[in-house]
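Before any comments, here is the structure.
Predicted, not measured: the structure shown is a model, and the values here were computed from it.
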Amino acid sequence: MINKLKITFLFGVFVMLFSTNMKSQLKQGDLIDGIAAVIGDEIVLESDVNEQMNYAKQQGASNTDKCEFLENLINNKLLVYEAKKDTLIENRSAAIKEQANAKYNQLLSQFPDEKTMLTAYKFRNGYEMKNAIEKIDTDTYYGQAKYQRVTDKADVTPNEVTDFYNLYKAQLPEIKDEVTLAQIMTFPKLTEAHKDELINKLKKIKADIAGGESFESQARIYSEDPGSAANGGLMKNISKGQMVKPFEAAALNLQEGEISDPVESEFGYHIIQLIKKSGKIYDARHILLMATPTEDEIKTAKKKLDSIRTLITEGKITFKDAAFKFSEDKKTKFNGGVIPGADGSNKIERESIPGTISYELAGLNKDDITTAFDDEDERKRKVVKIVKIEEVIPSHQITLETDYDRIKQMALNKKRNEMVEKFVNSKLPTTFISIDGRYDSCQFKGNWKKEALKK
C-alpha cells in the first residue's frame with residue numbers, strides 16, 4: 001500500500017533510557033547531547049532515530065529518510081504523553097516491567113549465552129537491553145491505547161468507501177495470488193501415564209525443595225518456561241487477571257512462601273511459590289514442565305482429525321460445523337475455522353503462507369482438505385490440524401467488486417489516520433515541543449516546529 005494510505009505510527013524502538021533522576025533535572029528548552037526532541041516530558045534520543053532506521057533496514061525497508069523516522073517517533077511520543085495524562089487509560093507500568101524481563105529471558109533462550117545475544121542486538125549489558133525492551137513496551141502500550149481512544153468511533157459508509165476507491169484506484173496495488181483457508185486444530189492429548197510422569201516429577205522437585213534445595217535453583221535446572229527459568233522462576237508485579245486462571249487461582253490461594261501442589265494449565269504442569277502479595281499485585285516463582293506430546297500422542301491426534309476429515313468429505317458434517325464442534329483454536333472455531341489474513345480480511349497471500357502449511361497445500365485446489373499434520377501455534381506448542389482451501393483468488397488489480405472489504409479497511413484506516421492527525425494538531429499549541437537544530441532542514445508533514453505560531 002502506498003505511504004499516503006498507510007498508518008505509519010511506529011510504536012517503539014530499541015533505545016537507551018535516562019534515569020528518572022536525569023529526567024527530573026531537565027528543564028524545558030534544555031537540550032543535552034543525544035536528545036533529538038522533547039515532547040512534553042517525553043524524550044526522543046538521537047539513538048532512538050538511528051536504531052529505528054537500522055531496525056527498519058534489517059527488516060528490508062528501503063526508506064532511509066531520517067526526518068521521517070524522527071517525525072514518526074515524535075508523533076507517537078505525543079500520543080504517549082497524552083495517554084499518560086488520560087485517566088481512562090490504565091497505568092500498567094508494573095506489568096510492563098515484568099513483561100520486559102520475561103521477553104529478555106525468552107530472547108536469551110534463543111542464544112547460546114547472554115554475551116552472544118547482547119552482541120547481536122548491539123547492547124552493552126543486560127540491564128541496558130531490559131530497559132530498552134521496557135521502553136518499547138511502554139511506548140507501544142500507551143501509544144496504541146491513545147490511538148484506540150481517539151479513533152474509537154471511526155466508521156465509513158458505503159459511499160465513503162466508493163469515494164475512497166475512485167480517488168485512489170490509480171495508486172492501489174495489484175493483488176498477488178491469494179487463498180482463503182480454514183482449519184480445524186487440536187492439541188494432542190497426553191496419556192494418563194504421561195501426565196502422572198510430569199506430576200510425579202514435580203512432586204519430587206517439591207520434596208527436594210522441602211529437603212533443603214532452593215526453589216530458585218530447581219527452577220533454573222528443571223523449569224521449561226523460557227520467560228522465567230533463567231531468573232529462578234521469578235515473576236514480579238503480576239497483576240490479577242494477567243495469568244491463566246488455574247495458575248492465578250493456585251497462586252492466590254497460597255500463603256507467602258508456601259508452595260502449591262502440581263497445577264495443570266494450558267501450558268503444562270506447574271508448582272508455584274507465592275513470594276508476596278499486595279492488593280491486586282503479587283510476586284511468584286514457578287517451575288513449569290510443558291505438556292509436550294510424544295510421537296504416539298501426536299499420531300493419536302492425527303488419527304482423530306483424519307476421521308473427522310472423512311466425515312466432512314463424505315458429507316456427514318460440514319467443515320464449518322466440524323470446526324465449531326472439534327477445533328480447539330479459539331480464534332477461528334466460531335467463524336467456520338477461517339484463518340484471518342494480515343490485513344484484516346480473510347485473504348492470505350500464497351507466498352506468505354507458513355512453510356509447514358504451504359507444503360501440505362501443495363497440489364491442492366479449491367475445497368480440498370489436507371490430511372492431518374502437526375505444526376506449532378504462536379506459543380510454540382505442538383498442535384495437529386487439517387486445513388481446507390475455501391477459495392482461490394488469482395492475482396488481479398484491486399476493485400470494489402472483488403475486494404470491497406479490503407478497500408473498506410483502507411478507507412477506515414485513512415479516516416483513523418486523519419482523526420489522529422487532527423487530535424495531534426489540536427495539542428500542538430499547548431504542548432512543549434523542542435527539536436534539536438540538526439533537524440532544522442527537515443520538511444515535516446506536521447507543524448512540529450510551530451512555524452505558524454511564530455509569525
Side-chain angles (χ1 to χ4, degrees), residues 1-13 52 55-56 59-63 65 67-83 86 88-89 136 139-176 178-180 331 335 338-349 351-352 393 395-428 444-448:
M1 194 55 196
I2 56 175
N3 286 338
K4 290 182 181 178
L5 306 181
K6 290 176 75 175
I7 295 177
T8 55
F9 295 110
L10 303 180
F11 297 117
V13 293
Q52 178 67 77
Y55 181 77
Q59 301 303 309
S62 57
N63 176 34
D65 184 350
C67 296
E68 185 174 332
F69 280 97
L70 174 63
E71 183 165 19
N72 283 325
L73 288 166
I74 294 173
N75 209 336
N76 190 54
K77 281 293 187 181
L78 190 142
L79 292 180
V80 171
Y81 174 64
E82 292 296 329
D86 192 331
L88 294 180
I89 294 177
I136 292 168
D139 284 359
T140 297
Y141 168 69
Y142 284 107
Q144 289 179 343
K146 193 62 185 179
Y147 178 89
Q148 289 166 4
R149 287 264 291 141
V150 172
T151 63
D152 184 51
K153 297 181 179 179
D155 197 9
V156 286
T157 66
N159 285 340
E160 288 176 314
V161 176
T162 301
D163 291 344
F164 173 88
Y165 174 72
N166 289 333
L167 181 62
Y168 292 105
K169 63 182 177 181
Q171 304 172 57
L172 298 179
E174 181 180 79
I175 302 301
K176 298 179 181 179
E178 295 179 319
V179 290
T180 299
K331 294 180 181 178
N335 67 338
V338 175
I339 303 171
D343 62 355
S345 73
N346 293 331
K347 300 179 179 66
I348 303 172
E349 286 187 7
E351 63 183 38
S352 70
I393 308 104
S395 61
H396 62 279
Q397 189 63 39
I398 192 169
T399 68
L400 282 170
E401 292 72 24
T402 58
D403 303 278
Y404 181 84
D405 288 342
R406 194 195 307 266
I407 297 169
K408 179 180 178 180
Q409 189 63 48
M410 292 178 184
L412 182 58
N413 286 346
K414 181 174 182 292
K415 176 169 280 192
R416 287 171 174 161
N417 200 31
E418 290 169 347
M419 292 172 72
V420 172
E421 184 178 348
K422 182 178 179 180
F423 171 80
V424 168
N425 287 336
S426 73
K427 297 297 178 182
L428 288 181
F444 296 125
K445 296 174 185 177
N447 190 21
W448 298 104

Exercise. To the nearest 0.5 Å, how far apart are CG in N447 and CG in N425?
Worked result: 7.5 Å
Exercise. Residues two or more places apart in sequence or in another chain: which of them pass side chain to side chain contact (heavy atoms under 4.5 Å, CB included) with E401?
Worked result: T399
Exercise. Is a salt bridge present between E418 and K414, judged by a nitrogen-to-oxygen distance below 4.0 Å?
Worked result: yes
Exercise. Is a side-chain donor or acceptor of N417 paired with a backbone partner of N413 at a separation under 3.5 angstrom?
Worked result: no
Exercise. Do side-chain atoms of T402 reach the backbone of I398 as a donor and acceptor pair under 3.5 angstrom?
Worked result: no
Exercise. Between NZ of K422 and NZ of K427, what distance do you get to the nearest 0.5 Å?
Worked result: 12.5 Å
For this session: Go through the steps for L172 and M410 under the test side chain to side chain contact (heavy atoms under 4.5 Å, CB included), then give the verdict.
Result: CA-CA 10 Å; L172 298 179; M410 292 178 184; 4.0 Å; yes
For this session: Decide, yes or no, whether a salt bridge links K445 with E71 under the criterion of side-chain N to carboxylate O below 4.0 Å.
Result: no
Problem set entry | Exam field: side chain K415 to backbone D155, donor-acceptor pair closer than 3.5 Å | yes
For this session: Apply side chain to side chain contact (heavy atoms under 4.5 Å, CB included) to F164 and K408, showing your working.
Result: CA-CA 9 Å; F164 173 88; K408 179 180 178 180; over 6 Å; no
For this session: Would you please test K77 and D139 for side chain to side chain contact (heavy atoms under 4.5 Å, CB included) and show each step?
Result: CA-CA 7 Å; K77 281 293 187 181; D139 284 359; 2.9 Å; yes
Problem set entry | E178/R406 salt bridge by N-O under 4.0 Å criterion | yes
Exercise. Going by heavy atoms in the side chains, are D86 and R149 under 4.5 Å from each other?
Worked result: yes
Problem set entry | Flag side-chain contact, heavy atom, 4.5 Å: V424 against W448 | yes
Exercise. Is the shortest heavy-atom distance from the side chain of V161 to the side chain of L400 under 4.5 Å?
Worked result: yes
For this session: List for me each residue that meets side chain to side chain contact (heavy atoms under 4.5 Å, CB included) alongside N159, sequence neighbours excluded, and say none if there are none.
Result: T157
Problem set entry | Audit row: K176, E351, side chain to side chain contact (heavy atoms under 4.5 Å, CB included) steps and yes/no | CA-CA 9 Å; K176 298 179 181 179; E351 63 183 38; 3.0 Å; yes
Problem set entry | Which atom of A154 lies closest to which atom of M419, heavy atoms considered | CB-SD, 3.5 Å
For this session: Mark yes when over 12 heavy atoms from residues, nucleotides or ligands other than K347 sit less than 6.0 Å from its NZ; otherwise mark no.
Result: yes
Exercise. Distance from I175 atom CD1 to E349 atom CD, nearest 0.5 Å?
Worked result: 7.5 Å
Exercise. Closest heavy-atom contact between A83 and Y142?
Worked result: CB-O, 3.3 Å
Seminar exercise, completed: To the nearest 0.5 Å, atom CG of N72 lies from atom SG of C67 at 11.5 Å
For this session: Can you sort out the partners of A145 under side chain to side chain contact (heavy atoms under 4.5 Å, CB included), two or more places apart, ordered by chain and number?
Result: I89
Exercise. Would you say the side chain of E68 lies within less than 4.5 Å of the side chain of F444, judging by non-hydrogen atoms?
Worked result: no
For this session: Report the C-alpha separation of Q409 and D405 in whole Å, then their side-chain angles, then the decisive distance to 0.1 Å, and conclude whether the side-chain hydrogen bond (donor to acceptor under 3.5 Å, both in side chains) test is met.
Result: CA-CA 6 Å; Q409 189 63 48; D405 288 342; over 6 Å; no
Exercise. Can you check whether N76 reaches Y147 side chain to side chain, under 4.5 Å on heavy atoms?
Worked result: no
Exercise. How long is the span from the CG atom in L79 to the NZ atom in K146, to the nearest 0.5 Å?
Worked result: 8.5 Å
